[in-house]
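Positions are given from 1, in the same order as the sequence printed here. Computation of the quantities below employed the complete heavy-atom set of this structure, encompassing side-chain atoms and omitting hydrogens, waters and symmetry-equivalent molecules. Start at 1 and go down the list; that is how both ligands and their atoms are numbered.
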Amino acid sequence: MLEKIWRKKPTSIDEEPFSVRVDKVRKNSVPIHVAIIMDGNGRWAKLRNLPRVAGHHEGMKTVRKVTRFANQLGIGVLTLYAFSTENWKRPRFEVDFLMKLPGEFLTTYLPELIKENVRVEMIGDFSALPLHTRNAIKNAMEATAYNDGLILNFAMNYGSRLELVNMVKEISELAKDDKIDLTDIDECLIESHLMTSHLPEPDLLIRTSGEVRLSNFMLWQLAYSEFVFTDVYWPDFDEEYFLEAIEEFQMRSRRFGSVTDEVNIVRS
Ligand code: IPE
Ligand code: IPE
Ligand code: MG
């Protein structure tokens, strides 16, 4: 077990070098939106006899790596699931630590994000976050608002069920106030009341750490996304694992219920 997790993927003698593989990524079919459930920080730390929070801290470096690489590949949106509406159930010390991470990450890397034309955004229930967390995120969003490169979208205090409940409430209000007819309720209207209304739906979902579940993440938006699960813990995830997921994505045939064999990136 320990070996399996610590060992890097064996590279065979005839495997192409990383840079060649990057060059071979078909630029016209990179996923527009990649969403990642960053999981396994606690187990990464436990393997090393470190406190769980050491795993969260180490995971920040992975966030930096995948952001830079996503930008390099020309991915449009990178959504990172950083804290779920259920994660408040964790010990107070761990929650406090997780709430400080956006501030620490952004203080360290904001100048780089600005330089690299990355726009920081957030989905989730902002109001329940501590003031210092809100300020750090707000500050980064403002500082990068005019960047038009990669959107780095943190899902922070995000829960898909909460999002769906809010959507139902908002649409019900509109119907109650006679602002819409029941016949106006369609997929477009529902999407316009989700926290992701301004974003395309994810083409690719990656979850690290070997868990094969969604944990209340984007239940509506992932309806036709391609899923890639990897055993590697988030702090060990890197450009090479990311590239592997992209290569896997590019081999998939997305049909959206139709019969064509063509690889379609955007839902038709
Ligand atoms: C993911 O790592 C980070 C968050 C959920 C905030 P975990 O903390 O869930 O790590 P494991 O799953 O316990 O190893
Ligand atoms: C999902 O991971 C949430 C985030 C990565 C932020 P969890 O570790 O909280 O999920 P479960 O509890 O294993 O389903
Ligand atoms: Mg976990």
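Panel note: side chain E211, backbone D39; no donor-acceptor pair is recorded below 3.5 Å. Judged purely by atom type and a 3.5 angstrom limit, N117 has no side-chain atom pairing as donor or acceptor with the backbone of N147.
Residue contact check: I37 has heavy atoms under 4.0 Å from atoms 5 (C) of ligand 2. Those atoms of ligand 1 that come under 4.0 Å of a heavy atom in N41, given as number and element, are 1 (C), 2 (O), 3 (C), 7 (P), 10 (O), 14 (O).
Between S215, G55, A82, S84, it is A82 that holds the heavy atom closest to atom 6 (C) of ligand 1. Residue R90 holds the heavy atom nearest to atom 9 (O) of ligand 1 of all those in M156, R90, E94, H56.
Salt bridge absent: E112 and K115 never bring a charged side-chain N and a carboxylate O closer than 4.0 Å. Ion pairing between E226 and R252 holds under the 4.0 Å rule for side-chain N and carboxylate O. Note on R254 versus D203: salt bridge recorded, some NZ/NE/NH1/NH2 to OD/OE distance being below 4.0 Å. One finds no salt bridge joining E94 and R92 here, because no Lys/Arg side-chain nitrogen approaches an Asp/Glu carboxylate oxygen to under 4.0 Å.
Using a non-hydrogen distance threshold of 4.0 Å, R213 registers as a contact of ligand 2. The shortest separation from a heavy atom of R207 to ligand 2 is under 4.0 Å, placing the residue in contact.
Of all the heavy atoms of R52, the ones lying under 4.0 Å from any atom of ligand 1 belong exclusively to the side chain.
Atom OD1 is the N/O/S atom of D39 found closest to the Mg ion (ligand 3).
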